[in-house]
Amino acid sequence: MVYFDHNATSPMSTRARAAWLDAVERFPGNPSSPHRLGARAEAALNGARERLARMLGCAARDLVWTSGASESANTVFHHCARRLDAAAEVWISAVEHPCVREAARHYFGARLRLLPVTRGGVADLDWLAAALRRDHPGLVALMAANNETGVLQPWREVAALCREHGVPFFCDAVQWIGKLPGHGLGECDFVSGSAHKFGGPKGVGFLKCPAGGLIEPLVRGGPQEDRRRAGTENVPGVLALLAALEECETALAAGGAESRAAWREDFERALLARLSGAAVVGTGQPRLWNTVSALMPDTDCRQRWVVKLDKAGYAVSTGSACSSGKESPSPVLLAMGYSPEQAGRVLRFSSGWATPHEHWCQLLEALVKVHAELTQAAGRQAEVS
Ligand code: PLP
C-alpha cells in the first residue's frame, strides 16, 4: 500500500520501535514505586523530559506526559475553566482541530469566540491585534500547522501579541512537531504534541504548561506528574516518542524538509496541469512540506475517490474527521470561504519522512486514472438518465 495519510497517523519508525522494546526490557518498574526498579523508570522518564524540554526551549518541570494531544487540549480548557473568572472569554482560531474546538465549546460555551482566517486559511493577525486592544480574553488558542490543509499559522506573532497584552497562549503543535523544528515552541504558555504524528507510538503525548508547570489536573486519582496528571506513566511510549522526535529533528537539521517540499510542489504543478478543474487549497501560503489539500474536479463525491484509490493501492484521506457516520462539511474549509459543495470535493494527501519521490509520481498517475474512470462512469450515468 502506498501510504499518503501521515497527518492521520504515521507508522512507528524503526528507531522508535527499537527504543520502545529496549525500554520494555530495561524499565519494567512503575515510576512511582519506592524500589530501585521504580527509581530507574522514574529516572528514564525524567531524562526524556529533559531532552524534550531542550528541544522545545522550556524547563523540564513545565512538561506533563499525557495520552496524546486530545487529552492535552482538554486539560488546557479544563484548567482555564477552573482558574479564570466566570465572565472570561476564550478565543480560538476558526480552523482548530476538533479536540480544541469541542473542548473549548464544552468548557466555555457562549464565552467562546472564533478568530477568523483569510481565504488562504491563515489566522487574521490584524483582527486579533485590533480585538486585543479592545478586550482581554482569558486565553487565545492557535494551532501551529493545520492538519487538513498543512497551512502554517503565525503562532510566533500571536504568542508575542498575547505576551504584550498579558493573555495566555495555547498552541496545538501536533502537526508542526517532527515536520519543522520544535525550538521556540517552549515560549508559548501551553503546547500540545502527540507521538503518533511523527513516528512514535499511538496513545502518548505531552502538554507544555505555563512556566512553573502549575496546572489543574483533568485526570485525578494519583500523585503522578507532580499531581498534574494521574495514572501510571507510559515509560516505553515516552522513550519511543523521544527517539522518533530526535530522528525527525536530525533529518530537519540535515535539510530533509527542503527536498521534500520540492517533491510536493512538483506534484501540485503536475496535478493542476493534468486534472482540469483541480485546485490546491491554501495555495500561495507557507505550508507543511508533506501536505496537499486538493479540490478535485467535479466528477464524483470524494468518498468514491478514496474507495477507488484504496482499491488501486493508495491510502489517502478526506482530511476532516467524519462525525456520526454522515460527513458534514469541514469547518476548516467553510471558515476559508469554500462552499459545502466544494468542501465535499477536497482530498488530502500527506506524506512522511520515508515517502520517496516516486510515490508522489505514482499517486499522480493513479489520480489521473481514477479521474478518467469517474468521468466515464458519469458519462454512462448521464446517457441512462
Ligand atoms: N491536533 C491536531 C492538529 C491533530 O491533527 C490531531 C490528530 O489528528 C490532534 C490534535 C489529536 O491528537 P491525538 O490523536 O494525540 O489525540
Side-chain angles (χ1 to χ4, degrees), residues 3-12 16 52 63-78 92-106 115 117 121-123 141-153 155 158 169-180 182 185 188 190-208 218-219 229 231 233-234 237-238 240-242 244-245 248 281-282 287-288 290-293 315-323 330-333 335-336 346 348-352:
Y3 189 70
F4 271 98
D5 200 13
H6 284 263
N7 286 9
T9 195
S10 253
M12 213 158 139
L52 180 59
L63 295 170
V64 173
W65 302 117
T66 66
S67 66
S70 296
E71 182 191 320
S72 302
N74 276 267
T75 304
V76 172
F77 291 99
H78 172 80
I92 69 169
S93 90
V95 294
E96 293 301 305
H97 186 271
C99 73
V100 171
R101 200 171 54 239
E102 295 305 318
R105 193 172 290 149
H106 173 76
L115 193 171
V117 297
V122 182
L142 174 66
M143 68 200 331
N146 187 268
N147 49 300
E148 292 184 36
T149 62
V151 171
L152 305 184
Q153 299 295 334
W155 59 268
V158 170
F169 174 57
F170 169 36
C171 184
D172 168 352
V174 166
Q175 297 289 349
W176 178 289
I177 292 173
K179 300 187 186 101
L180 290 168
L185 279 166
C188 306
F190 300 94
V191 180
S192 56
S194 179
H196 75 105
K197 304 293 184 179
F198 52 78
K202 293 167 187 48
V204 58
F206 66 85
L207 173 64
K208 189 262 160 192
L218 172 69
V219 184
R229 197 269 185 186
E233 291 96 339
N234 179 354
V238 165
L241 177 156
L242 258 300
L245 188 50
C248 296
V281 175
R287 280 177 290 132
L288 289 171
N290 80 318
T291 308
V292 178
S293 172
V316 307
S317 167
T318 57
S320 57
C322 160
S323 47
S330 149
V332 171
L333 297 169
M336 291 170 72
V346 170
R348 180 186 69 190
F349 315 118
S350 52
S351 64

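Atoms within a ligand are numbered from 1 in the order they appear, just like the ligands themselves. As the structure is a prediction and not an experimental result, all values here were calculated from the model. Both backbone and side-chain heavy atoms feed into the values below; hydrogens, waters and symmetry mates do not.
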Just jot down the side-chain hydrogen bond (donor to acceptor under 3.5 Å, both in side chains) partners of T75, sequence neighbours excluded, or say none. none
Got a donor-acceptor contact below 3.5 angstrom from the S350 side chain to the N7 backbone? yes
Just grab all the salt bridge (charged side-chain N to carboxylate O under 4.0 Å, His left out) pairs involving residues 66-77, residues at least two apart or on different chains. E71-R229
Return the set of residues passing side-chain hydrogen bond (donor to acceptor under 3.5 Å, both in side chains) with E96 (not counting sequence neighbours), or none when no residue passes. S93
Set of residues that line ligand 1, where lining means a heavy atom lies under 4.0 Å from it: G68, A69, S70, H97, C99, M143, N147, D172, V174, Q175, S194, H196, K197
Under 3.5 Å: donor-acceptor pair, side chain of N74, backbone of A103: no
Without swapping roles, check the side chain of S330 against the backbone of L333 for a donor-acceptor pair under 3.5 Å. yes
